[in-house]
Amino acid sequence: MRKKLQEQIERLKKAGATYVDARWYPVEESNYLMMWNGNLKNATSSRESGVGIRALYKGAWGFSASSDVSNIDALFNKAFDNARVAAERVTFPVRLAEKEAVQGSFSSPNRIDPFAVSLSDKISFLKDLDEKLNKPGVTQRVSELIFMRKQIVYIDSEGSELEKKIIEVFPSIQVMGVDSQGESHSRKFSPARMGETRGWETVNPQLFSENAERIVREMNEVLVADDCPKEDRSVILLPGIMYLQTHETIGHALELDRILGYELGFAGGSFVTLNDFGNLQYGSTKLTARADATLPNSPGSFGYDDDGVPAQDNLLIDKGILVGAITGRQMVEEANARAHKQIFNGSGGANRATAFYRVPIERMTNINIDPGNDGSLEDIVKNTEKGIILDGDKSWSIGSNREQFHFATDIGWLVENGQITRVVKNSTYKGETVKFYNSLSAVGDQSTWEVRYVDNCGKGQPNQIMQLGHGIPICRFDNVRIGE
Amino acid sequence: MKDQILQALRDLRDYALKKNIEATFFYHEEDSYLMRFANSAISLNTNEHLIRLEITAYDDRRRASYELITDLKNLDEMKQGVDITAEMVKHATPLSYQTTVPTFKDSFVDENGFDSSLATLSNEERLEYFNKAVAGLETDDIKLSGIFSCGANTIAQINTRSEHTQYFKTSDAQISIVLSHSMLKWEVIAEQSAQKKSDLNPTALHRDLSYLMEHYQNDAPQQIPLGKYDIVFGPAASGDLLSIMNWIGFSGGSMKRGFSFISEEQVGTKVFSDKFNLTDDPACLDTFPFQRDLMGMPRSSFPIFENGVFKCFTWSQDDADEYGAQPTGHTVMHKSLVLSGGDKEVTTLEELVAMPRENDILYIPFLHYMNLVNPSKGLVTASSRFGALLLKKDGSVVVPYNVRVTQSLLDIFGDKVAWMSKSQTINNTSQSYGSRNPTALIVPIFIQVNDLDISHSNSSY
């Protein structure tokens, strides 16, 4: 197959394509198990294989994909034809940033392949959890396990040939209950990535057991709590919501294709402009953020992106100043040309496709916030006069340029004069992105820093669901509107 | 092709029967074409031809599924899939309820919604459409974005309970055109849905875009004050609100799981404005309908709200099995929701702008990134996008920066509804997550709702 792909790539090059690459997925498998109130509602496996071809002709992309590889010539021809028509409407001819030709491989670190674990063992794990969640106050209980395994062979016309083997495991639990007014409330848990690996060994029954007890207890506290007040307070975001705040208002806002207007027809743009790099005070000096695709244990690390560029750790925001973006080979060239200066020094290695039948686009890797020196959660609470601690991603809605947002959380704990006083329900907060990050007044130390994963980030047309991560500490922001 | 697909399914059925496996087979084939525009160029031109087969095996109360992307030539691979599913189901734990395995009483074919000339539209035709729709509207600063998505969608089913098959084939196109100012960052949109080639009308989109651009280029933008507004929702905004109601409103399963703002006690009572009439109408071809559901149940017009009175929850087979309800023919990939028109004779934005008004009216054509704040209260939040206008009571027009609306569906469609336009339009709500599933609703072109709160107002685009 590799030989065939190389021959076809050469053929298209001879026909006039300036660049061609092929991504062959010999196999991609997934397994989804979901137990709801004791019922195994989903026991689903899937398997797919196929090839995606990307061809560049006269500055325009063409793409074609199929699971049927019996007529590989036709597949390459289709990609080339699509590029030929696209070349009739080009405003900025696609150029790709320089990269080294690489022969390499990447395997995500794991000790136990989840696909080698028996279905019975997996279901038994869910059943145990379901029993632990089946407690007074709980009306709905959900336990889920998602596993993915893929093999990707990448070959391009610049001499790169890569093979990646990636395994991911995503476990989670959730409980719901109904309060005296008939309103539903929920609490959930998915574990932070603790060790250096990402296989079945990360599914720790003891950890789940402890957290099952905790989320049932906390949900029952929410059920009898008062509503969140509607006022301005300091918000202290625990990792269970800070990861999503980072994802939506730093991650998506700094995707270079969004900044350049390539997502305006659907997902939206970004308030960030090319003039902002090196200038914009994105946040307070306590804010340092990075796109780090080298964390071993996170789905945002994949060895090489789908341009064949090696994984990198790049600063995005340095002590509050915007310095970088999430980039691939095409966008950095266009951004530098449009800005008439070199903002970006080569690709950041973040061009990724979710399947063989989707085209690579800029995606988050691990968008992390560096730990600070404001101590533990207890230390931050002690130094907060009037605040609220928030956790759990209930709802999120962000403006089309990522300029403003509204989040609802599963739980809130009011803080008065350095003390946690009581739990509140229906907690929400909203803000404007730049103003919000400039009000960052405390960043927890390494002890508060966790790697959270996202298994369902959507972007692009046709839509692509991507897996990635966020390493984040506990953070406090001041003068934030809550309760609306 | 149809015969080949159905024969493959029959072969799989025979294979399962020989091995004494109770199974259902769901075949999905898509031929998808997407031309995507950004920065006034074609940023992506793609074609995906994919065949998916989902096999579900049953063993009394146990159930397991296996899905593969495959090819019709790979019957052995599909048979392997049957074996894998049969092995999986042995390990599944029994459900607390008896699941219903479909039994088709007869074979059913529906190709009424298929127009081969739309499904196989050429690259050149798609490009020509876009060029016509934006002719003369682009400048160095005003850039084109959007998609022309079209294709064919084939679904076929068989199961071991009967030899009969179901076969559905549709064609569809979804066109979305955005013009945006690269420096000022304003955006306007025009959209079209097509079920057959003759539905395509780039001139209509050109007219809509021209009108909105006239305002966005010439009228001064404003950050509008927070507070209460009389809001007119355009078709995309109304379609989004109804889509979310489909999830947290009248779905029986959601209600039983605590995700609905409507309770069982409210069946037969008034929930919304008496102007609110919502039907699931599979006769409406523009909605890419299922005339039968995936259990083989014939589908006909199904009233959900009549004059604001809630008539009935919709029940998929699995939810009905679990909660002891009667299925209502809603084991479908999507419903065919039709919100009846009202009595206001207003069909275009120009007419809306020209209408005399006693108060300022905020026109919101599109709601971006809608999410549920509190499903029990029907509380949703979203931001305006793509061409909002503030129609001042003195007849002037202001271009507002985007605003956020955080409101309950009970308020939006309740007694605050002032009027709905008599004319309806198609709102294509197809998403390209996973496999192709063309979806559309029919909505009044405009719905005015008075006295709704704006909770955030941007200081720029």
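Chain letters run A, B, ... following the sequence lines, proteins first, then strands; residues in each count from 1. These numbers were taken from a predicted model, which means no experiment stands behind them.
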Counting heavy-atom pairs under 4.5 Å with chain A, the top scorer among B/N123, B/L68, B/N131 is B/N123
The interface call for B/K73 against chain A, heavy-atom contacts under 4.5 Å, is side chain
Rounded to the nearest 0.5 Å, the OG atom of B/S383 sits from the CG atom of A/N401 at a distance of 10.5 Å
Applying a strict 4.5 Å limit to non-hydrogen atoms, the region of B/K143 in contact with chain A is neither
When the 4.5 angstrom heavy-atom criterion is applied to A/L264 and chain B, the contacting part is both
So CG of B/N374 and NZ of A/K425: to nearest 0.5 Å the spacing works out to 9.0 Å
Whatever's closer than 4.5 Å to a heavy atom in chain B on A/S270 counts as backbone
**Report entry** Expected output: side-chain A/K430 to main-chain B/S455 donor-acceptor under 3.5 Å
**Finding:** yes
Most heavy-atom pairs under 4.5 Å with chain B, out of A/V359, A/L75, A/V94, belong to A/V359
Bottom line for A/A267: the part with an atom under 4.5 Å from chain B's heavy atoms is backbone
Turns out that what part of A/E183 lies under 4.5 Å from chain B's heavy atoms comes down to both
What one should report as the nearest heavy-atom pair of B/S145 and A/G261 is OG-O, 4.1 Å
Okay, B/S43 and chain A: the region with an atom under 4.5 Å from a heavy atom over there is both
| query | Does the side-chain contact (heavy atoms from CB on, under 4.5 Å) test come out yes or no for B/Y33 and A/N82, once each step is laid out? | reply | CA-CA 10 Å; B/Y33 297 84; A/N82 285 342; 5.8 Å; no
Cut-off 4.5 Å, heavy atoms of chain A, and the answer for B/E87 is neither
Under 4.5 Å to a heavy atom of chain A? For B/F37 that would be side chain
The interface call for A/F407 against chain B, heavy-atom contacts under 4.5 Å, is neither
Ranked by heavy-atom pairs below 4.5 Å to chain A, first place among B/L379, B/L372, B/V89 goes to B/L372
If one checks every heavy atom of A/S66 against chain B at 4.5 Å, the contacting part turns out to be both
Worksheet item: Will you find, in the side chains of B/R257 and A/N37, an N or O donor that is under 3.5 Å from an N or O acceptor?
Response: no
The interface call for B/T93 against chain A, heavy-atom contacts under 4.5 Å, is both
Comparing B/L72, B/D318, B/V380, B/D71 against chain A, the one with the most heavy-atom pairs below 4.5 Å turns out to be B/D71
Should A/K78 and B/E48 count as an ion pair when the cut-off is N to O under 4.0 Å?
no
So, the part of A/F405 with a heavy atom under 4.5 Å from chain B: the answer is backbone
Requested in this report: For side chain to side chain donor-acceptor pair (under 3.5 Å), just list the numbers for A/E248 and B/Y369, CA-CA rounded to whole Å, side-chain angles, deciding distance to a tenth of an Å, and then say yes or no.
Outcome: CA-CA 12 Å; A/E248 301 291 0; B/Y369 214 133; 3.1 Å; yes
Taken to the nearest 0.5 Å, the spacing of B/R61 CZ from A/L40 CG works out to 14.5 Å
Highest number of heavy-atom pairs under 4.5 Å with chain A among B/T406, B/D453, B/I147 belongs to B/I147
(Q) Looking at B/S376 and A/S184, would you say the former's side chain and the latter's main chain have a donor-acceptor pair under 3.5 Å? (A) yes
Practice prompt. Look only at the side chain of A/S395 and the backbone of B/N371, and say whether a donor-acceptor pair between them is shorter than 3.5 Å.
Written response: no
Notebook entry, point to check: Judged by atom type as modelled, is there a donor-acceptor pair below 3.5 Å linking the side chain of B/R404 to the main-chain atoms of A/S397?
Noted result: yes
Exercise for the section: Please check if the side chain of A/N463 supplies one atom and the backbone of B/Q431 the other of a donor-acceptor pair under 3.5 Å. Expected result: no
The reported gap from OG in A/S400 to CZ in B/R385 (rounded to nearest 0.5 angstrom) is 4.5 Å
Greatest number of non-hydrogen atom pairs under 4.5 angstrom with chain B, of A/W36, A/W61, A/F63, falls to A/F63
Okay, A/V85 and chain B: the region with an atom under 4.5 Å from a heavy atom over there is both
Could you walk me through whether A/S118 and B/H91 pass the side-chain contact (heavy atoms from CB on, under 4.5 Å) check?
-> CA-CA 9 Å; A/S118 75; B/H91 301 283; over 6 Å; no
Whatever's closer than 4.5 Å to a heavy atom in chain A on B/R63 counts as both
Report task. Please confirm whether the backbone N or O of A/L260 pairs with a side-chain atom of B/N39, one donor and one acceptor, at under 3.5 Å? Result -> yes
Honestly, the part of B/R52 sitting under 4.5 Å from a heavy atom of chain A is side chain
Honestly, the part of A/A408 sitting under 4.5 Å from a heavy atom of chain B is side chain
When the 4.5 angstrom heavy-atom criterion is applied to B/N458 and chain A, the contacting part is side chain
Test salt bridge (charged side-chain N to carboxylate O under 4.0 Å, His left out) applied to B/R36 and A/E263, step by step
CA-CA 10 Å; B/R36 194 175 197 208; A/E263 288 292 329; 2.9 Å; yes
Honestly, the part of B/Q80 sitting under 4.5 Å from a heavy atom of chain A is neither
With chain A, the option among B/H49, B/E187, B/K185, B/M370 that has the most non-hydrogen atom pairs under 4.5 Å is B/K185
Turns out that what part of A/E432 lies under 4.5 Å from chain B's heavy atoms comes down to side chain
One option among B/N47, B/L34, B/N402, B/I84 has the most heavy-atom pairs under 4.5 Å with chain A, and it is B/N47
Side-chain donor-acceptor pair under 3.5 Å between B/S149 and A/Q461, yes or no? no
When the 4.5 angstrom heavy-atom criterion is applied to A/K122 and chain B, the contacting part is neither
Heavy-atom nearest pair, B/M88 first then A/S45, reads CE-OG, 3.5 Å
Under 4.5 Å to a heavy atom of chain B? For A/S186 that would be neither
Using a 3.5 Å distance criterion without hydrogens, assess whether the side chain of A/K41 forms a donor-acceptor pair with backbone atoms of B/L95. no
Using a 3.5 Å distance criterion without hydrogens, assess whether the side chain of B/S65 forms a donor-acceptor pair with backbone atoms of A/T44. no
* Tell me, do A/F356 and B/L50 make a side-chain contact under 4.5 Å, heavy atoms counted? -> yes
*Validation row: A/E403, B/Y461 side chains within 4.5 angstrom (heavy atoms)*: no
*A/S67 side chain to B/I69 main-chain N or O, any donor-acceptor pair under 3.5 Å?*
no
Just wondering, are more than 12 heavy atoms of other shown residues or ligands nearer than 6.0 Å to CG in A/D121?
yes
Turns out that what part of B/M35 lies under 4.5 Å from chain A's heavy atoms comes down to side chain
Assert top hit (heavy-atom pairs under 4.5 Å, partner chain B, pool A/Q140, A/E28, A/R54) equals A/Q140
